[in-house]
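Some notes on the structure that comes next.
Heavy atoms only: backbone and side chains are in, while hydrogens, waters and symmetry mates are out. As the structure is a computational prediction, the values presented were derived from the model and not from experiment.
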Amino acid sequence: MICANCGKDNAQRYTRKTEGREVTVLLCPSCYEALYPKQTNDFFTSFVRKVGGRARACPACGATQAGFRRTGLVGCAYCYTAFREELMPTIRYVQGKTRHEGKTPSEGAEEKYDFVRGLVNEQDTLRERLRRAEDEHDEARAEALRRELGEIDRMLSGGEGTR
Amino acid sequence: MTAQRFESVAVSTRIRLARNFKDYPFPGKLLCDPHAEEQASEIIRLISAELKALDTFELYEMGAVSDETAAFLTERRLISRDLMKHRAIAAALVSRDESISVMINEEDHIRAQYFMHGFDLRKAYERVSGIDDVISESVPFAFDEELGYLTACPTNLGTGLRASVMLFLPALSRRGLVKQLLPHLNRLGLTVRGEFGEGSAAQGEHYQISNEVTLGLSEEDILAVVERAVSVVVETEQRERARMRAEGGAELKDKIYRSYGVLTNCLRLDDAELFRRIADLKFGVALGFFDGGEEDEGRARRMGELDALLVAMRPANIDRLRGETSDAEGQNAYRAEYVSKALRGMELHQNR
């Protein structure tokens, strides 16, 4: 059967509901998919598919523009630097403006980050050791570890010596 | 307009902020990383540690959570349906009173939300901004001078702020007028959705209005636009309700009392019918068709009780109440009995 759209001889019969009545169309599978895409309602995804650009990857996370076109999502913060030029039309379209107004992050987070991260990782190690001490019924050791964990907890929840 | 008149229309307020760690790939990409679970676990522990200072939170690590619990949390709107798509790396922290929930590794590393009954965007923003401040003290966020807070999807860039107000619009929707409001709201950069956010249909005449634009407007500006738009919609709904009341409404009254009859007498009740019928009852309470002499305050309280019933009678919430997993048939029977009893307890007397 001849495809009513491209003329190739591999058409199939598809039955669809249009305006309340059933109609039969003769189309090849690829024309059928193009004319009746499954996700017709996701305008945003269709829109970002139109974003042009060369095939490159973000040096930080490896995300590609093809990935963005598929999902509408970037891979990491650096993607906005790597693909800025290509992303700007989309941003302008969905947001209208391209210059941030409003809140900014607090300063000094970088320094505290390493400190808190250190504490959180230490907590993890201590918890594991506590589990072992408890398994071995070493009550004295377990008690000491609980005290240490309590100390870290206090530091993390803003007690003395942290902020 | 009194606060109560607002409340019979504006059911609840919800504000969420999207934030990301500077140095980790965003969750969608993180999922493909060979060290994904390690990195995710660090993110989860860091945020949990920071939030401890604020309140007591329950931590749900989605990989260890049953489908039933996830459905329970989704029905209570404490997590999104999408969170489970990242199950291996995702978590949620929920405050005791369920007003604060922080989703970790959904589309962004952090999605913090504050939920409250009634309409108060300022208070809701203050609360969620406070959570943001605490986390931001020791987590370097992905931020760009020009684009603001960086998010996985460009639709959330800038402030990362989504302010939503849930509106009960029975008069406008019964008169087919909600559709007419849509273009006006869209022009203001606002969007109208069903109760469960993106892609969900309006159920029981509940509609959610929220800002679409997040970049180039300050938090203050966004709140002001949503606030003004909500005020206009509330006024329009109230005017339409007054018209319906003035036009006599014997037919409407009949429909509402029939719903009361069904809900207090039926033996099987599914989710969709419950929504439809409770919407009738809420509308009846708002129009003064029950308990003639009651003041606005009493009406708002009754409407709140009816709203709570809608949440408690969702499938996974029913299973939680019963302490067992049941099929739809069992849930429908339980729902009918529970609702009938609850409504009789509320003493909704007809005001013929």
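Ranked by heavy-atom pairs under 4.5 Å with chain B, the first of A:S106, A:P105, A:C79 is A:P105. Of the listed residues B:V139, B:L157, B:N20, the one with more heavy-atom pairs under 4.5 angstrom with chain A than any other is B:L157. Top candidate by heavy-atom pairs under 4.5 Å with chain B, chosen from A:E107, A:E111, A:E110, is A:E110. Contacts with chain A were tallied for B:E42, B:K22, B:E220; B:E42 has the most, counting heavy-atom pairs under 4.5 Å. Ranked by non-hydrogen atom pairs under 4.5 Å with chain A, the options B:G189, B:A142, B:S129 are led by B:S129.
When all heavy atoms of B:A152 and B:E107 are compared, the closest pair comes out as CB-O, 3.4 Å. Between B:E145 and A:R99, the shortest heavy-atom distance links the atoms O-NH2, 3.7 Å. Residues A:K112 and B:S138 approach most closely at CB-CB, 3.7 Å, considering heavy atoms.
Side chain of A:Q95 to backbone of B:T155: a donor-acceptor contact under 3.5 angstrom is found. Checking side-chain atoms of B:H109 against main-chain N and O of B:P25 turns up a donor-acceptor pair under 3.5 Å.
A:H100 and B:F143 have their aromatic ring centers within a separation under 6.0 angstrom.
Other residues, nucleotides and ligands contribute over 12 non-hydrogen atoms within 6.0 Å of the CD atom of A:E143. Residue A:R146 qualifies as enclosed at atom CZ: its count of foreign heavy atoms under 6.0 Å is above 12.
Heavy atoms closer than 4.5 Å to chain A are found nowhere in B:N211, neither backbone nor side chain. Neither the backbone nor the side chain of B:S48 comes within contact range of chain A; no heavy atom of the residue lies under 4.5 Å from a heavy atom of that chain. Residue contact with chain B, scored on non-hydrogen atoms closer than 4.5 Å, involves the backbone and the side chain of A:T104 alike.
Scanning residues 86-106 of chain B against chain A with a 4.5 Å heavy-atom cutoff picks out nothing at all. Residues of residues 120-132 of chain A lying under 4.5 angstrom from chain B, judged on non-hydrogen atoms, are A:V120, A:N121, A:D124 in numerical order.
Between B:E212 and B:R193 there is a salt bridge, since at least one side-chain N of the basic residue sits less than 4.0 Å from a carboxylate O of the acidic one. We find that A:E136 and A:R141 are not joined by a salt bridge, their nearest charged nitrogen and carboxylate oxygen being 4.0 Å or further apart.
The aromatic rings of B:Y149 and B:F141 stand perpendicular to each other, their planes meeting at an angle above 60°, with 30° marking the opposite boundary.
Remark: A:K103 NZ to B:T159 OG1 distance equals 11.0 Å, nearest 0.5 Å. To the nearest 0.5 angstrom, B:L161 atom CG is 8.0 Å from B:R16 atom CZ.
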